[in-house]
Structures are given as C-alpha cells and as structure tokens.
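Whatever order the structure lists them in is the order used to number ligands and atoms, beginning at 1.
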Amino acid sequence: MQDVTDLPFMRVIARRGAPDWFVTEYFRVHPDSVLNRYIVRSIKENETGRPIFAQMIGRDIPSLLRTAKELEKLPIAGIDLNLGCPAPIVCRKDAGGGLLRNPGYVDQLLGSLREAIPGRFTVKTRLGYTGTEEFYGLLEIFKKHGIDGLTIHGRTVVERYQTPVHPHFVKTAVNEMKCPVIANGNVVDVETGLNYLQATNAAGLMVGRGAIRNPWIFAQLEAAFGNTVPHTPSYRDLWNYVTELYEEIARETNKLVPLAHVQRMKKTLAYITHGLEGDFEFEMRRAKTPEDFHRICKTHLDREGTLPAKPPVDSKLFCGFETLARNEIS
Ligand SMILES: Cc1cc2nc3c(=O)[nH]c(=O)nc-3n(C[C@H](O)[C@H](O)[C@H](O)COP(=O)(O)O)c2cc1C
C-alpha cells in the first residue's frame with residue numbers, strides 16, 4: 001500500500017506475525033521513471049524473512065519492460081502489475097484501474113510482460129472499471145497469458161472502497177484460472193477472512209487496511225487454520241504497536257521534522273483509531289505535536305481490555321465488511 005507498506009511498517013507487522021509474503025508499494029513507471037530508492041530499500045533491506053513481490057504501475061510497455069528488467073536484479077519473489085488503483089490521477093493516465101477500460105490493451109501489455117519476465121509474474125486487479133460483467137472478458141485475458149498468480153480486489157474501480165465486495169466473481173476466477181487466485185477486500189478479522197475463503201475457495205487472502213488496524217491478523221488467521229488459540233490483543237498491545245510504528249518510521253525518515261512526522265502518523269492512525277470507544281479518533285485528528293500524539297495514545301490505550309475484533313458497523317472507512325461477516329455472497 002502506498003505510503004504504508006514500507007520497511008518500518010513491514011518490520012513492525014512481522015514482529016506480530018508476518019504474512020506469507022509482502023507486496024511493495026507500487027513503483028510508478030513511465031518513460032522518464034527511475035526506480036524509487038525508498039521502495040528499493042524495502043526489498044533490499046527486508047529483514048522479515050518473508051518474500052516480497054515488487055509491484056509496478058504504469059501503461060507504457062517499453063518502460064514497463066525496462067523496469068521489470070531492473071527489478072529482476074533485486075531479491076524479489078516476483079513482479080506484480082497493478083490493474084486496480086482507483087485514484088483519479090492514476091486512472092486519468094490510463095494506468096492502474098484505468099487500464100481496465102481497455103481490455104485489448106491489457107491483453108497486449110500482459111503478453112509483452114509475460115514474454116519478458118522469466119520469473120514469477122502476477123497481476124492485481126479489480127472486477128472491471130464500471131461494471132462487474134466486465135470481469136468475464138478480463139478473465140479470458142488473464143487465462144491466456146500464463147500469469148503465476150492473480151489477486152482480485154472484489155470491487156470495480158468505480159466502486160472504489162464504498163461497497164461490499166463480490167465474492168462470486170473471485171470464485172469464478174478460482175474455478176477457471178490455472179494459477180493461485182488470492183481474494184482481497186474487506187478482510188478485517190478472522191471471521192471475514194474465513195468467510196471470504198469459504199465463499200471463493202481462493203488459495204489465499206490479501207489483507208490491506210485490516211492489517212494496519214490489526215497487525216495480529218496474519219497470526220490470528222494462521223491460528224484459525226491450525227485450530228490453535230489466536231492472540232487477542234489488548235489496548236496496551238495496540239499502544240505498543242502504535243509507539244513502535246511511530247519510532248520505526250521516525251528512524252527511517254531523513255531530516256525528521258517532528259510536526260510533519262505527527263501529520264504523517266495521523267494518516268496511518270486513521271485506520272487504527274477508527275471506531276474505538278471514547279474520543280480517541282476525535283482527539284488524534286487534532287494532535288499537532290509529538291507530545292499531543294503520545295499523550296492521546298496513553299490516555300486511551302494504556303489499559304487492559306480486549307480490542308474489538310471488527311470496525312464499527314456502518315463504518316465509512318471499512319465500508320461493506322458486514323456482508324462478509326454475515327457470509328452473504330454476491
Ligand atoms: C492507503 C492505501 C494505499 C494502497 N496502495 C496500494 C498499492 O500501492 N498497490 C495495490 O495493489 N493496492 C493498493 N491499495 C489497495 C489495497 O491493496 C487493497 O486492494 C484494498 O485496500 C482493499 O483491500 P483491504 O480491504 O484489505 O484494504 C491501497 C489501499 C490503501 C487504502
């Protein structure tokens with residue numbers, strides 16, 4: 001995730017139970033692009049013991065081929081292509097999710113990349129740009145190019161993050177693709193993860209925002225798969241996590257400006273404070289200085305008590321997760 005899945009974040013997450021693999025923030029690719037050095041560090045200095053895929057976003061085929069070649073020199077598990085980013089600035093340039101408006105071009109792009117990448121080549125997609133019915137045509141293209149993995153964020157681009165996911169289409173891909181298919185979108189806890197897997201038969205789950213909110217989610221899912229007792233984190237565990245994240249990110253920041261660091265941390269904290277009882281979310285939005293930040297965390301998190309497993313019902317940030325929790329398949 002952009003501005004999230006960097007070296008310090010992976011380090012802090014891994015201490016609480018790492019996922020089977022990571023995917024980098026995306027490398028922006030265009031005719032003048034050079035590899036972003038900060039993202040390269042998350043590959044070269046990855047100390048989590050878990051493999052990492054390098055993700056590219058872009059539309060210019062020669063530039064993508066050149067970048068893939070450069071990435072292959074790094075210690076990566078494979079190269080992933082982003083066909084899902086809904087950000088208007090990305091889609092306007094016909095990159096990310098914007099590419100899904102032009103399946104013919106996606107076909108050409110995947111053909112070129114598949115031919116040029118000798119190692120693992122995977123794709124991260126949405127179900128279509130405007131409508132879910134577009135997925136069937138896209139699936140034929142994904143099948144054609146012998147990709148090594150397909151991660152599906154089960155929404156269209158225009159649905160952004162605002163609707164429930166549609167597991168039915170992920171299941172169709174699982175049935176038709178030869179490679180592993182990974183289900184993504186709205187996994188916020190063990191229950192939503194298990195239900196998504198059950199609804200789709202997917203080979204695995206990709207967890208994004210749910211892992212920012214609950215860094216124990218990978219260990220908890222593994223415990224559920226192995227029928228062992230999962231860790232139930234307390235408010236104080238969350239306090240330790242937030243403090244560690246604050247310090248690790250500060251440690252990796254060139255020319256640390258304390259007030260700017262607090263603003264940067266507040267973006268991540270938005271996923272963490274969301275829906276916790278009391279005024280934590282409200283107060284954190286107003287934090288300005290490191291002293292404010294740490295005082296607010298201490299006030300709300302320095303206590304025993306089990307954290308709620310799920311975000312609040314009708315959550316705007318984790319919109320639509322309830323249908324996975326209720327096991328409603330669409
Ligand atoms: C802040 C943020 C940054 C993201 N950056 C990326 C990215 O760089 N590459 C990518 O494939 N998806 C990115 N995504 C999308 C997530 O990977 C994921 O598909 C989406 O959030 C739905 O899954 P979730 O409900 O588990 O978060 C990003 C999402 C967020 C919220």
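- Each of the following atoms of ligand 1 lies closer than 4.0 Å to a heavy atom of N186: 24 (P), 25 (O).
- In this structure, Q220 contributes its side chain and H231 its backbone to a donor-acceptor pair below 3.5 Å.
- At a heavy-atom cutoff of 4.0 Å, ligand 1 is contacted by the side chain of K124 but not by its backbone.
- Classified by interplanar angle (parallel below 30°, tilted 30° to 60°, perpendicular above 60°), the ring pair Y246/H261 is perpendicular.
- Distance from atom 28 (C) of ligand 1 to its nearest protein heavy atom, with residue and atom name: M1 CG, 3.6 Å.
- Listed for the R101 side chain is a donor-acceptor partner under 3.5 Å among the backbone atoms of C91.
- A perpendicular orientation is assigned to the rings of F135 and F169, their planes being inclined by more than 60° (bins at 30° and 60°).
- Side chains of H145 and D107: a donor on one and an acceptor on the other come within 3.5 Å.
- Listed by chain and residue number, nothing satisfies the side chain to side chain donor-acceptor pair (under 3.5 Å) test with E25 (two or more places apart in sequence, or in another chain).
- Of all the atoms in ligand 1, the ones that sit under 4.0 Å from a non-hydrogen atom of Y26 are 7 (C), 8 (O), 9 (N).
- Residue F318 places every heavy atom at 4.0 Å or more from ligand 1.
- Checked by distance only, ligand 1 and Y271 stay at 3.5 Å or farther apart across all their nitrogen or oxygen atoms.
- Between E25 and ligand 1, no N or O atom pair is found at a separation short of 3.5 Å.
- Protein heavy atom at the shortest distance from atom 18 (C) of ligand 1 is N184 OD1, 3.3 Å.
- Atom 30 (C) of ligand 1 has as its closest protein heavy atom Y161 OH, 4.0 Å.
- Heavy-atom proximity to atom 26 (O) of ligand 1, evaluated over G154, P86, G185, G208, is greatest for G208.
- Note: no N/O pair closer than 3.5 Å links R155 and ligand 1 by distance alone.
- Ring-plane geometry between F318 and Y271 is classed as perpendicular, the angle between the planes exceeding 60 degrees on a 0 to 90 degree scale with a lower cut at 30.
- The nearest protein atom to atom 5 (N) of ligand 1, hydrogens excluded, is given as Q2 N, 2.8 Å; this is a heavy-atom distance.
- When only non-hydrogen protein atoms are considered, atom 9 (N) of ligand 1 lies nearest to Q55 OE1, 2.7 Å.
- Judged by the shortest distance from any of its heavy atoms, F321 lies outside the 4.0 Å radius around the atoms of ligand 1.
- Numbered from 1 in the order shown, with element, the atoms of ligand 1 that lie under 4.0 Å from a heavy atom of N82 read 9 (N), 10 (C), 11 (O).
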Scan the side chains in residues 70-81 for donor-acceptor partners under 3.5 Å anywhere in the protein, sequence neighbours excluded, and list what turns up.
unit_1: D80; atom_1: OD1; unit_2: T122; atom_2: OG1; d: 2.6
unit_1: D80; atom_1: OD1; unit_2: V123; atom_2: N; d: 3.3
unit_1: D80; atom_1: OD2; unit_2: Q55; atom_2: NE2; d: 2.9

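- L324 and N186 get closest at one heavy-atom pair: CD1-O, 3.6 Å.
- Proximity of R209 to ligand 1, defined as any heavy-atom pair under 4.0 Å, is shared by backbone and side chain alike.
- Side-chain atoms of T172 come within 3.5 Å of backbone N or O of H168 as a donor-acceptor pair.
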